[in-house]
Amino acid sequence: MAQVRTRFAPSPTGFMHLGGLRTALYCYLFTRKHDGKFILRIEDTDQERYVEGATDVIYDTLRGCGIHWDEGPDIGGPVAPYIQSERKDSYLPFAKQLIESGDAYYCFCTKEDLAHRREAVEKEGGTWKYDKHCLRLTSEEIQEKLDAGIPYVIRQNTPTTGDSSFDDLVYGHIAAPNDTLDDMVLIKADGMPTYNFANVVDDHTMGITHVIRGMEYLSSTPKYNLLYKALGFPIPEYIHLPTVMRDSKHKLSKRDGDAYYSDFIKKGYLTEALINYLALVGWNPGDEREFFTMEELIDAFSVEGISKSPAIFNTNKLTWFNAEYIRRMDPDDYFEMAKPWFNQALSGSIQDVRRLAELMQSRTEVFSGIPEMIAFFRERPEIDPELYVNKKQKSSAESTPEALALSVSLLEGVSDWTETNIHEALLSGIKEAGMKNGTVLWPLRIALTGQMSTPGGAIEIAYLLGREETFRRLMSAMDQLTA
Ligand code: GLU
């Protein structure tokens, strides 16, 4: 096989859609697997949709995800430029070549003409496709219009008989009757190529051997292949990828905040977890493995493992991956990443954030979940007295007042407020009093936090709250019971 050359060709919209990121990832994996070259091409021919800074979002996202390109706008390469608008002058000569050979033609129809004729066809219950109106113009008529400066587009002249077919490496044999193919616009009135034309010219002139992209382009590919043939270009291999969906009916949507890479990073997902999970959305390694580094993905990746059916992106599954990745993090790295979330929730209300991080690491699924889990440090919620009752911990409504009083007296003896000293004082005192640990520690935890589930138990929490605050909370809990 000649050297593999693939490309990721995003349009600079300002955001990286997860579907696009998955395409980039599969392109990258495929290319590395085959020791090929991975090319980044920016498709910005739709000037109306131009967004300032959008190419940086593409660079930063890919780099942050560990997806590195061999040729691209910022690093150059043998087939530069890699930004479509800078290749603007390369398309027209090919379009003219197609006009010469009868595979394309000038079209002078105005928007109004088209709307009018479309309406008439649809009124009759038909489906509109361009009616080859301008194909009937004589060369004199065309020249006259060109000389008069009448705006035009250039359209592909698709055959009206026969079939066009090709073999996709994922979807298999795809055939389309030519009379269903639309005479699509190749060059727009502003002189810019459409995606439909630019992808063919660029993929050929950049030497792309494997076109890897979303399956929304599958049905247009027969038209592209007609262009390849008319221009005398060899047809590349195609690998179309199943659409990334939220569920079996819905695409990921920006409205639901689940479509963009940045949505997930903001919520506190780890890039590594996201990439690992995304790799499995539409591909499987053929065995039970779920955890992969990028190197392992490259090793395991194969086109045969790509699925044809829509790929469901399940946020719960991602969260599960994320929690696993967080658990495996180096504690220092966890602390660094969690700090802003701690600060947001605590504003200085505990004494040893480092210790809190130790307690929180195994309980963090997503960083954005942290503030809610630790909000009680800043302000304890109202205590529901029912919470004191816990059969398993041998704590009851009756035992609670005595248990809290015991905690107070034992903790009063702790002057150096360390976790070990608190532990020591409480456990030996409880033993001496002939009580069960749960009978005392459970109500203490409730009195301090107002909730059943907390990072760490009563001892850790008393330590983190500090002496003064521990007593303040204990007293107010006892007052509440006698009120
Ligand atoms: N610019 C197109 C997109 O963002 C690229 C499609 C392709 O890979 O050919 O969808």
Side-chain angles (χ1 to χ4, degrees), residues 4-31 36-51 54-59 61-62 65 67 69 71-73 79 81-88 91 166 168-171 174 184-186 188 192-228 233 235-245 251-254 259-262 278 282 303 306 311:
V4 164
R5 287 175 65 83
T6 65
R7 84 298 191 283
F8 176 52
S11 304
T13 58
F15 296 95
M16 180 67 80
H17 194 279
L18 287 180
L21 184 57
R22 204 257 336 242
T23 300
L25 177 63
Y26 285 12
C27 272
Y28 177 73
L29 297 176
F30 178 82
T31 315
K37 295 279 183 221
F38 177 53
I39 288 137
L40 177 63
R41 178 172 80 220
I42 302 295
E43 303 212 321
D44 63 342
T45 55
D46 196 348
Q47 298 279 312
E48 278 165 33
R49 288 174 54 204
Y50 181 78
V51 181
T55 41
D56 289 331
V57 172
I58 296 169
Y59 299 154
T61 306
L62 294 179
C65 291
I67 298 173
W69 50 102
E71 299 169 27
V79 292
Y82 292 88
I83 297 192
Q84 241 166 19
S85 58
E86 293 173 16
R87 302 172 73 81
K88 184 170 173 232
Y91 306 104
F166 72 102
D168 185 83
L169 293 181
V170 173
Y171 288 88
I174 305 288
M184 59 186 184
V185 172
L186 305 179
K188 296 182 275 189
M192 281 290 197
T194 54
Y195 164 78
N196 292 325
F197 191 45
N199 90 87
V200 171
V201 171
D202 286 341
D203 284 344
H204 172 71
T205 52
M206 293 181 151
I208 302 303
T209 58
H210 293 75
V211 171
I212 303 175
R213 64 184 168 208
M215 74 151 296
E216 63 272 25
Y217 296 100
L218 192 64
S219 62
S220 303
T221 302
K223 288 188 281 197
Y224 305 151
N225 286 341
L226 289 169
L227 295 173
Y228 276 96
F233 299 163
I235 293 176
E237 297 286 358
Y238 290 106
I239 299 173
H240 284 93
L241 306 176
T243 307
V244 178
M245 309 280 287
K251 291 192 176 182
L252 295 179
S253 70
K254 57 180 177 201
Y260 299 136
Y261 171 75
S262 51
L278 208 49
V303 175
I306 299 176

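Please read all numbers here as calculations on a predicted model, not as lab measurements. Note: hydrogens, waters and symmetry copies are ignored here, and every other heavy atom, side chains too, is used. Each ligand, and each atom within it, is numbered from 1 in the order the structure gives.
Judged as a side-chain hydrogen bond (donor to acceptor under 3.5 Å, both in side chains), not a single pair has a partner in residues 17-28 (not counting sequence neighbours).
F15 meets the ring pair (Phe, Tyr, Trp, His ring centres under 6.0 Å) test with Y260; sequence neighbours excluded. Considering only residues two or more places apart in sequence or on other chains, F233 meets the ring pair (Phe, Tyr, Trp, His ring centres under 6.0 Å) condition with F94, H204.
R5 places a side-chain N or O within 3.5 Å of a backbone atom of M206 that can act as its donor or acceptor partner.
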So what's ligand 1 close to, N/O to N/O, under 3.5 Å?
from: ligand 1; atom 1: 1 (N); to: A9; atom 2: O; distance (Å): 2.8
from: ligand 1; atom 1: 1 (N); to: S11; atom 2: OG; distance (Å): 3.1
from: ligand 1; atom 1: 1 (N); to: E43; atom 2: OE1; distance (Å): 2.6
from: ligand 1; atom 1: 8 (O); to: R7; atom 2: NH1; distance (Å): 2.8
from: ligand 1; atom 1: 9 (O); to: R7; atom 2: NH2; distance (Å): 2.7
from: ligand 1; atom 1: 9 (O); to: Y195; atom 2: OH; distance (Å): 2.4
from: ligand 1; atom 1: 10 (O); to: Y217; atom 2: OH; distance (Å): 2.7

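In this structure, Y195 has its ring center under 6.0 Å from that of Y217.
Summarising the geometry, atom CD1 belonging to I212 is positioned 8.5 Å from atom CZ belonging to F38; distances are rounded to the nearest 0.5 Å.
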